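Reading through the structure tokens given below for one structure.
On a predicted model such as this, the values are computed, not experimentally measured, just so you know. Position 1 is the first residue of the sequence; numbering continues from there.
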Amino acid sequence: MKIIKILAVSAMALGLTSCISKKQYDALSSNYKQCIENIGERQREIQDLKSQNSALTGENNLLKSQHEALKSSLDACLSNTGKSSANIDKLVGEINASNSYIKQLISNNAKNDSLNMALSNKLKRSLDNVADDDVQVKVLKGVVMISLSDKMLYKTGDYNVLPAAQEILGKVAKVINDYDKYSVLIEGNTDNAPLSSANLPRDNWDLSALRGTAIAKVLQTQFGVDPARITAGGRSEYNPKATNMSVSGRAENRRTEIIIMPKLDEFMKLMDIAPKK
């Protein structure tokens with residue numbers, strides 16, 4: 001507004017040139033030129049300010065966009081932190097449940113091992129007058145295993161139990177009956193000498209299975225072992241303990257094993273305490 005007034009005054013001054021002195025005219029003319037230059041400078045400043053304002057507006061919009069992006073990332077991070085915390089809590093719970101299960105498993109195994117050792121010792125005391133070559137008793141992988149040689153139980157190639165074996169089987173049956181919570185697995189085993197016959201036993205599979213069931217029947221009928229506790233079968237020549245290349249090795253492979261072990265349902269109960277997934 002001030003500039004406009006100056007221009008107006010200058011114009012009036014020009015109009016009055018004829019009424020003023022040359023000295024006054026020159027002063028007004030110089031003042032007019034100075035005003036024109038000032039106007040140009042102000043216009044340039046205005047353009048510069050507009051350019052700066054436009055740049056600042058762009059920067060402000062960029063900062064707003066970055067702010068929104070950072071806010072979204074922070075919200076997502078906070079949300080994930082909550083989920084991670086929940087996952088960690090769940091994982092800790094599963095670890096605690098697993099530790100509890102392992103402790104109970106160790107406790108049950110320790111108890112089972114103690115019972116097996118007691119059972120094994122009792123069997124060994126009962127059979128201490130029998131030759132080691134004929135009867136072997138050991139605790140192996142959580143079960144009590146009794147290995148009986150075939151020459152003490154049967155005639156060669158036969159599955160009928162010899163009367164002389166009754167005393168040994170009676171002692172074994174007594175221990176089995178004392179530990180009535182255990183299952184009994186009876187396995188017949190042979191060497192690899194071929195056996196071929198039109199009648200039973202036709203081959204080593206038949207011979208091993210028939211020998212296993214023969215022992216099971218003696219334990220049941222002669223000594224009152226509950227047959228529901230017994231599983232009997234044969235493994236033929238395919239579970240050797242020694243090489244079949246020697247006489248002594250073949251003799252060791254011809255055996256019947258009585259395995260006394262915790263009942264299957266006891267193991268299933270143990271599995272029920274495992275942590276749920």
Side-chain angles (χ1 to χ4, degrees), residues 109 111-156 158-191 204-205 207-242 244 248-267:
N109 284 341
K111 180 181 177 182
N112 187 55
D113 287 344
S114 297
L115 288 172
N116 285 341
M117 287 304 299
L119 191 157
S120 174
N121 291 334
K122 189 170 184 178
L123 277 167
K124 288 178 179 178
R125 286 194 299 270
S126 297
L127 303 171
D128 61 357
N129 62 334
V130 183
D132 290 341
D133 290 343
D134 291 333
V135 179
Q136 294 180 6
V137 180
K138 63 178 67 176
V139 176
L140 183 65
K141 295 181 180 179
V143 302
V144 177
M145 183 176 292
I146 310 161
S147 183
L148 307 173
S149 67
D150 75 321
K151 65 184 178 67
M152 182 183 69
L153 298 174
Y154 326 97
K155 293 180 180 179
T156 302
D158 193 14
Y159 59 88
N160 292 299
V161 180
L162 295 170
Q166 297 291 323
E167 181 183 357
I168 300 299
L169 293 177
K171 291 179 179 181
V172 172
K174 184 178 185 307
V175 176
I176 291 173
N177 286 329
D178 287 344
Y179 288 79
D180 58 357
K181 300 300 183 184
Y182 280 57
S183 292
V184 181
L185 174 62
I186 304 171
E187 292 182 347
N189 294 268
T190 69
D191 59 21
N204 283 329
W205 273 116
L207 181 59
S208 64
L210 288 169
R211 284 181 169 180
T213 55
I215 297 297
K217 291 174 183 177
V218 170
L219 294 178
Q220 175 190 353
T221 59
Q222 300 296 322
F223 303 108
V225 177
D226 183 359
R229 298 170 56 195
I230 300 175
T231 301
R235 303 190 68 175
S236 187
E237 64 198 67
Y238 302 107
N239 185 36
K241 290 179 65 178
N244 282 302
S248 61
R250 288 194 297 273
E252 190 174 353
N253 291 334
R254 296 191 301 270
R255 68 197 186 279
T256 298
E257 292 179 339
I258 301 175
I259 303 166
I260 306 172
M261 57 188 178
K263 290 184 178 180
L264 180 61
D265 57 353
E266 295 297 321
F267 282 113

Checking R255 side chain against L148 main chain: does a donor-acceptor pair fall under 3.5 Å?
no
If I compare all heavy atoms of W205 with all of G234, which pair ends up nearest, and what's the gap?
CZ3-O, 3.4 Å
Say you draw a straight line from CG of L219 to CG of D226; how long is it, rounded to the nearest 0.5 Å?
12.0 Å
Contact check, side chains of I215 and L153, non-hydrogen atoms, under 4.5 Å
yes
Considering all heavy atoms, the nearest V161-A214 contact:
CG2-CB, 4.0 Å
Which value, rounded to the nearest 0.5 Å, describes the distance between N239 atom CG and N253 atom CG?
8.5 Å
Enter the distance from R229:CZ to I176:CD1 here, rounded to the nearest 0.5 Å.
7.0 Å
Of all the heavy-atom pairs spanning K155 and L162, show the shortest one and how long it is.
CG-CD2, 3.9 Å
Name all residues meeting the side-chain contact (heavy atoms from CB on, under 4.5 Å) criterion together with A251; count only those two or more places apart in sequence or in a different chain, and write none if there are none.
R254
Taking it one step at a time, do T156 and K151 satisfy side-chain contact (heavy atoms from CB on, under 4.5 Å)?
CA-CA 7 Å; T156 302; K151 65 184 178 67; over 6 Å; no
L185 and side chain to side chain contact (heavy atoms under 4.5 Å, CB included): which single residue from T231, I258, I260 fits?
T231
Looking only at heavy atoms, which two atoms of G212 and I186 are closest? And how far apart?
O-CG2, 3.5 Å
Hey, does E187 have a side-chain heavy atom less than 4.5 Å from the side chain of T256?
no
Mind checking whether N160 and Y154 have side chains closer than 4.5 Å, heavy atoms only?
no
Work out which heavy atom in N177 is nearest to a heavy atom in G224; give both atom names and the distance.
OD1-O, 3.8 Å
Could you measure the distance from the OG atom of S183 to the CD1 atom of I259? Nearest 0.5 Å is fine.
11.5 Å
From S149 OG over to Q136 CD, what is the distance, rounded to the nearest 0.5 angstrom?
9.0 Å
Counting N and O atoms only, with roles assigned by atom type, does the side chain of R211 sit under 3.5 Å from a partner on the main chain of D158, one being a donor and the other an acceptor?
yes
Under 3.5 Å, is there a donor-acceptor pair between the side chain of R235 and the main chain of G188?
no
Within-4.5 Å side-chain heavy-atom neighbours: V137 and M145:
no
Distance only, no hydrogens: is a donor on one side chain within 3.5 Å (strictly under) of an acceptor on the other, for S208 and Y159?
no
Drop me the distance from N244's CG to E252's CD, to the nearest 0.5 angstrom.
10.5 Å
Start with the C-alpha distance between E237 and D191, add both sets of side-chain angles, then the distance that settles side-chain contact (heavy atoms from CB on, under 4.5 Å), and finish with yes or no.
CA-CA 5 Å; E237 64 198 67; D191 59 21; over 6 Å; no
